[in-house]
Amino acid sequence: MADCSYKLVSRKYKKENTIININGNLIGEGHICIIAGPCSVETRDQTFEIAEGIAKLGLKFFRGGIFKGRTSPYSFQGVKNDGFEIFQEIKKSLGLTIVSEVTSVSQIPQMINYVDILQIGSRNMQNYELLKDVARTKKPILLKRHFSANIEELLLAAEYILLEGNEKIILCERGIKTFEPMTRNTFDINAIPLLKEITHLPVIADPSHGTGIRSIVNPVGKAAIMAGADGLIVEVHNNPDQALSDGFQSITLQMLSKLLKDTEVICNLLHKKFN
Ligand code: PEP
Ligand code: MN
């Protein structure tokens, strides 16, 4: 690996872990955060049923895509601006912190009024103009690894954000393309401890996209936490088989409850706080 192609992102530049405080909830060393919610916001009722279930389980972070960059242009593309009102209601009535993906610079002015953490999706990890503009909002950014990017390229994408003076970055391992056809992606467990060694930024894992298989989200998620991840982002649906996107990898609220119980056991073992 070329030494020093990245700077600000490295522990050589900053030794101590960056801890991000969002609405009083901490992400980073010692705090395991679980972000849960549907792949896509579909309707108000669907979103509320999932969000209420998540809040009841004691979670603080809600994910939901409203601008969906789908592989096929014929697939559901998201509710777009109609999602803002739903986010506002969820925040107000359930107090959840909202995570949602921004796919274009033109969405930023509205997004920042409703979304607490701006997600950069895998497909946009190297969209540098988008990265710079999102960085300038000073909002926390969830930066997902491109499915064909190596670890250094992920770190360099984060470097673009840091160079804009925004240090509130959460890196996310979400699986990469390999020759294995039985899973949607291959979750790169190596990336977790290696990133934690190289960078001071929080690192979370996405076992939903990392596997593409509902039944193995739990074990892969747990493995990521054992490997040092600062948290998970998981897709949860009230009716996974009817979901408009990524239903096959979405877990039920019941499965989420089990994942949280398991995660708590691991947190105790690792002496980490479970938010
Ligand atoms: C998502 O989080 O729903 C998503 C589209 O993820 P990724 O960008 O990792 O494919
Ligand atoms: Mn998805």
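Side-chain contact between Phe48 and Ile90: present, with at least one pair of heavy atoms (C-beta onward) separated by less than 4.5 Å. Proximity of Met125 to Glu153: side-chain heavy atoms (C-beta onward) are separated by under 4.5 Å at one or more points. Residues Leu256 and Lys258 fail the side-chain proximity criterion, which asks for heavy atoms closer than 4.5 Å. Counting only heavy atoms from C-beta outward, the side chains of Gln46 and Asn238 approach each other to under 4.5 Å. Between Leu195 and Leu155, the closest side-chain pair of non-hydrogen atoms falls below 4.5 Å. Within the 4.5 Å cutoff, no side-chain heavy atoms of Glu42 are placed close to those of Gln242. At least one side-chain heavy atom of Met255 sits under 4.5 Å from a side-chain heavy atom of Thr252. At a threshold of 4.5 Å between non-hydrogen side-chain atoms, the residues Asp230 and Lys196 count as touching.
Ile50 CD1 to Ser250 OG: the interatomic distance, rounded to the nearest 0.5 Å, is 8.0 Å. Here the straight-line distance linking atom OG1 of Thr199 with atom CD1 of Ile169 works out to 8.0 Å at 0.5 Å rounding. Separation of atoms CD1 (Ile213) and OG (Ser215) is listed at 6.0 Å; rounding is to 0.5 Å. Rounding to the nearest 0.5 Å places CD of Glu167 at 3.5 Å from NZ of Lys14. The CD atom of Glu89 lies 11.5 Å from the OH atom of Tyr114; values are rounded to the nearest 0.5 Å. Between the NZ atom in Lys138 and the CG atom in Asn166 there is a gap of 6.0 Å [rounded to 0.5 Å].
Inspection of the Arg145 and Asn150 side chains reveals no N or O donor paired with an N or O acceptor under 3.5 Å. In summary, the side chains of Asp246 and His209 do present a donor paired with an acceptor at a separation below 3.5 Å, with no hydrogens or angles considered.
For Arg11 (side chain) and Ile198 (main-chain N/O), no donor-acceptor pair under 3.5 Å exists by modelled atom type. Panel note: side chain Ser122, backbone Phe147; a donor-acceptor pair is recorded below 3.5 Å. At distances below 3.5 Å, at least one donor-acceptor pair connects side-chain atoms of Lys139 with backbone N or O atoms of Ile112. Ser208 places a side-chain N or O within donor-acceptor distance of the main-chain N or O of Glu235, the cut-off being under 3.5 Å. Formation of a donor-acceptor pair under 3.5 Å by the Gln119 side chain with backbone atoms of Gly121 is not found in this model. Looking only at distances, a side-chain donor or acceptor of Glu159 sits under 3.5 Å from a matching main-chain atom of Leu8. Under a 3.5 Å cut-off, the side chain of Arg136 and the backbone N or O of Glu164 do not form any donor-acceptor pair. Of the possible polar contacts, none joining the Glu101 side chain to the Gly65 backbone as a donor-acceptor pair under 3.5 Å is found. In terms of modelled atom types and a separation under 3.5 Å, the side chain of Arg63 and the main chain of Ile98 share no donor-acceptor contact.
For NZ of Lys56, the number of neighbouring non-hydrogen atoms (other residues, nucleotides, ligands) closer than 6.0 Å is 12 at most. The number of heavy atoms from other shown groups lying within 6.0 Å of CZ (Phe248) is above 12. The environment of CD in Gln254 is sparse: at most 12 heavy-atom neighbours from other residues, nucleotides or ligands sit within 6.0 Å.
When hydrophobic clusters are built by joining Ile, Leu, Val, Met, Phe, Trp and Tyr residues whose side-chain heavy atoms come closer than 4.5 Å, directly or via intermediates, Leu156 is grouped together with Leu163. Neither Val203 nor Leu26 shares a network with the other; the hydrophobic side chains, linked directly or stepwise wherever heavy atoms of I, L, V, M, F, W or Y lie under 4.5 Å apart, form separate groups for each. The hydrophobic clustering, which links ILVMFWY residues whose side-chain heavy atoms are closer than 4.5 Å, places Ile266 and Val234 together.
Taking the charged nitrogens against the carboxylate oxygens, Lys261 and Glu264 have no contact shorter than 4.0 Å, which rules out a salt bridge.
In terms of heavy atoms, Phe62 sits closest to Pro38 at CZ-CD, 3.5 Å. Contact record, Asp116 with Leu96: OD2-O, 4.3 Å, taken as the closest heavy-atom pair.
Taking Ile, Leu, Val, Met, Phe, Trp and Tyr as members and joining any whose side-chain heavy atoms lie under 4.5 Å apart, directly or through other members, the hydrophobic cluster of Ile117 also contains Ile20, Ile22, Ile27, Ile35, Phe61, Val99, Leu142, Ile170, Ile204, Ile233.
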Mind listing the side-chain donor-acceptor pairs of residues 77-86 below 3.5 Å, one per line with the distance, residues two or more places apart or on another chain?
residue	atom	partner	partner atom	Å
Gln77	NE2	Ser72	O	3.3
Gln77	NE2	Ser75	O	2.8
Asn81	ND2	Gln110	OE1	3.4

Next on the checklist: Quick one, Val115 with Val102, criterion side-chain contact (heavy atoms from CB on, under 4.5 Å). Give me CA distance, side-chain angles, the key distance, then yes/no.
Outcome noted: CA-CA 10 Å; Val115 174; Val102 47; over 6 Å; no

